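Worksheet: the structure to be examined is printed underneath.
Computed from a predicted structure; not experimentally measured. Start at 1 and go down the list; that is how both ligands and their atoms are numbered.
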Amino acid sequence: MARYEQVQGTVALITLTNPPVNALSAAVRLGITETVTRALRDPEVKSMVICGENGVFCGGADIREFAKPMSGPPLVPMIAAIEEGEKPVVAAIEGAAFGGGLELALGCHYRIAHSKARVGLPEVTLGLLPAAGGTQRLPRLIGLAPALDLITTGRHVTAQEALKLGIVDQVTDQSALDLAIQFAQQVVGQPLLPRKLSTRQTPCPPDVDGLLEETMAQVKQRARGAMAPIACVQAVRAAATLPYQAGMQKEQELMATLFHSSQARAMQYCFFAQRAVGRWSLSSGAHSGNSKPRPVSKVAVIGLGTMGRGITVALVKAGMSVLAVETNKKQLEIGKQMVSAMLKHDAQKRNATPRLDLLHFTIDLLELKNTDLIIEAVFEDMALKKQVFKELSSVCKADAFLCTNTSGLDVDELAAVTKRPELVVGMHFFAPAHVMKLLEVVHGSRSSPEAVATAMHLGKRLGKVSVLVGNCAGFVGNRMLKPYLEQANFLLEEGATPELVDGALEEFGFPMGVFKMSDLSGLDVGWRIRKEAGLTGPNVDPRDPPRRRQGRRYSPLPDLVCEQGRLGQKNGRGWYLYDKPGGRVATPDPSIHKFLEEYRIKHGISPRQIDRQEVVERCLFALINEGFRSLDDGIAAGPEDIDMIYVFGYGWPRHRGGPMFYAGMVGLPRVLTRLEHYRQAHPEVPHLEPSPLLRRLVASGSPPINKWRDFLQRPHSQL
Ligand SMILES: CCC/C=C/C(=O)SCCNC(=O)CCNC(=O)[C@H](O)C(C)(C)COP(=O)([O-])OP(=O)([O-])OC[C@H]1O[C@@H](n2cnc3c(N)ncnc32)[C@H](O)[C@@H]1OP(=O)([O-])[O-]
């Protein structure tokens, strides 16, 4: 798995050969160990170059091996042998050098990178730390502060930034391998000791303790319960305060605490799940491997509200030409200004030029006639959307795709008003659409494989994680959110406060609890939907008691809060009080507490003590239960799809793997028992009735998550 050649007479060329990313599997590590030993022993060889096959240096340790018993030579002594050898070794970095791949390059004496290459130590995103010397060599090479940044965030660095930071010695637009071979010949005879990073001192700022403390505080704030970033800071601290060998020892000790942790398992599951959701399939037999996306060059966005603006920005940032459409000149002008400002702001952050030239604005639908794909992002109102789709169907060219950004309305109903239902799909973006990584692609019953493939591909072009889902109210994400929100409201009725519920969910790892999140989104959004659904407002069945609707328990609390004019952050008052309209700092509001007390008295509810465990179980197990139902109904193709939707769209902590993975970690029998317990306590809440799939899984001995598909009611998903 490592090829050995002698080139230019005296240079040993070692090529890692483990496609697609030359991960450092046991066989590759053995190959490197053997070839390096051979080169060191061969008197004809004066220097070495290490490169990777197929234009990729190395994607790091083989993540698939982490779950298996260790075999083959370990990385640490393998890299040490390269560094300690008395022949110069040059890493020729093309494509990527990540994780163990960069650590291997840091063990080499010189690094030459191609200008398109990227490097980084992303182990933290897998619940680990760079334990092949990365936490000790990188700080010694580039200094404490930049190393802390790279190692605790795991961010990828371009070749240009790597050059500035001093990670690589030269960058070339030509062949990095050719340059490395040339370089390897030139450096023969030059002193090697200063190039051995383990012999260096870490460059540190005057106040090392201050920097480390500040970084630790930031990391803890960001980590939301994740252990790896904290271990990363501790390991890098060792590079600043201990000799190299003692630092290496510390690195190994910290890695031992992470390696078999549930967090590492969850994050590695996410790594593979993120890739698995791209491999979609339909019950017709069409799948990502046999369905080609159609090329799309001209895209239009209809409606420049919050969602439309974000989608437009995302498209332009991906280099696509966008026609943005509004109904009248005034709205168009507002939209134009806001989109341009967003693009300028974004470009400024990246030190780039905003691509305003890709933007075109119009109020004339006739201008859409040459557009390949249209994304409708008008108000969430079925009648309005139908009207738009009818017009689009007659104005747009016959083979243009018509996509809707609805967050939960029936895609089939919209498709039915067009002359081309097979070209209609849902593209459900999440706000802010230019930031959030999730895209739910909704397959209507008549959507063609080509339409699905095109929408999935477009999502990828926009840098999104696209997940294919079936068509039902709320699709997967919002459908599961409903019982979660419902439980949160019931908990308030029963004695909790917004702070108690949010505190429990934030402690679990969400960036924001459910009530803060609702305040951020605007409380009127749900209020309007509930009015349309006849759950509140004039269309409520007068025979329904105040806390029952359509035959089940209902909490009117969110409606009553809206009726008080509390709409959330936007007007400075929601479930919390904000410093000003649009303010972000939430403080508990005594008037909300008083309102809740009065509400309970009015409805004869005696408040009880609710603890954090109950909050987490009721909110999250209800959500998970709906996840099982979505799987059984064939709306979600697999548990990975649900998990990626929640991790990328709803702030589910990655170190807990997503709701379905979490259910497996907690233990399916426990989830079932607790749901049964709460269902018994709240017989009027059907969402708490354990799903038949959960019962079947438990009855079958709770198989691991990768076997759940075998237990689905439908052998093929509804998609
Ligand atoms: C122990 C000492 C400390 C060291 C720790 C580490 O190094 S931890 C590692 C630190 N390194 C990282 O975290 C880097 C992880 N990798 C990446 O970030 C990206 O793969 C990439 C940027 C290298 C290429 O992006 P791209 O969009 O061109 O391609 P893509 O992403 O679609 O992947 C293609 C296929 O390769 C697979 N695969 C990839 N990497 C690994 C791996 N290391 N292992 C195994 N498999 C891996 C991937 O699953 C996929 O398989 P599928 O689905 O076809 O069966």
Between the side chains of [Y] and [X], is the shortest nitrogen-to-carboxylate-oxygen separation below 4.0 Å, so that they form an ion pair?
X	Y	value
Glu65	Arg29	yes
Arg709	Glu640	yes
Arg195	Asp169	yes
Asp149	Arg155	yes
Glu94	Arg118	no

Can you list the atoms of ligand 1 that are under 4.0 Å from a heavy atom of [X]?
X	value
Pro20	34 (C), 35 (C), 36 (O)
Pro122	11 (N), 12 (C), 13 (O)
Gly99	7 (O), 10 (C)
Ala131	3 (C)

For this session: Tell me whether the guanidinium CZ or amine NZ of Arg265 lies under 6.0 angstrom from the six-membered ring centre of Tyr269 and within 45° of its axis.
Result: no
[Y] and [X] side chains, donor-acceptor separation under 3.5 Å:
X	Y	result
Ser291	Glu450	no
Glu53	Thr17	no
Arg200	Tyr244	no
Asp372	Ser297	yes

Do me a favour and list the nearest non-hydrogen protein atom to [atom] with residue, atom name and distance?
atom	value
atom 53 (O) of ligand 1	Arg279 NH1, 2.8 Å
atom 55 (O) of ligand 1	Arg64 NH2, 3.3 Å
atom 29 (O) of ligand 1	Val21 CG1, 4.8 Å
atom 4 (C) of ligand 1	Glu123 OE2, 3.5 Å
atom 44 (N) of ligand 1	Ile63 N, 2.9 Å
atom 48 (C) of ligand 1	Arg275 CD, 3.8 Å

For this session: Would you indicate which of Gly60, Gly59, Gly154 comes nearest to atom 11 (N) of ligand 1 when only heavy atoms are counted?
Result: Gly59
Problem set entry | Nearest option to atom 16 (N) of ligand 1, as decided by whichever heavy atom of Phe66, Phe271, Phe57, Phe98 sits closest |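 Comparing heavy atoms across Phe66, Phe271, Phe57, Phe98, the nearest one to atom 16 (N) of ligand 1 lies in Phe271.
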Exercise. Between Phe430 and His428, what is the ring plane arrangement, given parallel below 30°, perpendicular above 60°, and tilted in between?
Worked result: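 Rings of Phe430 and His428: tilted, 30 to 60°.
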Exercise. In terms of the angle between their ring planes, are Phe628 and Trp708 parallel, tilted or perpendicular, with boundaries placed at 30° and 60°?
Worked result: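 Because their plane-to-plane angle lies in the 30° to 60° range, the rings of Phe628 and Trp708 count as tilted.
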Exercise. Does Glu103 have a non-hydrogen atom less than 4.0 Å from ligand 1?
Worked result: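 Contact check Glu103 vs ligand 1: positive.
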For this session: Report yes or no: does Leu126 have a heavy atom closer than 4.0 Å to ligand 1?
Result: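 Heavy atoms of Leu126 do come under 4.0 Å of ligand 1.
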State whether the shortest distance between N or O atoms of [X] and N or O atoms of ligand 1 falls below 3.5 angstrom.
X	answer
His156	no
Met255	no
Phe272	no

[atom]: protein heavy atom closer than 4.0 Å?
atom	value
atom 25 (O) of ligand 1	no
atom 21 (C) of ligand 1	no
atom 51 (O) of ligand 1	yes

Problem set entry | Ala61, portion touching ligand 1 at heavy-atom distance under 4.0 Å | both
For this session: Mind checking whether Asp62 contacts ligand 1 via backbone (N, CA, C, O), side chain (CB onward), both or neither, at a 4.0 Å heavy-atom cut-off?
Result: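 Answer for Asp62: both.
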Problem set entry | Pair Phe508 + Trp652: ring centers closer than 6.0 Å |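 Yes.
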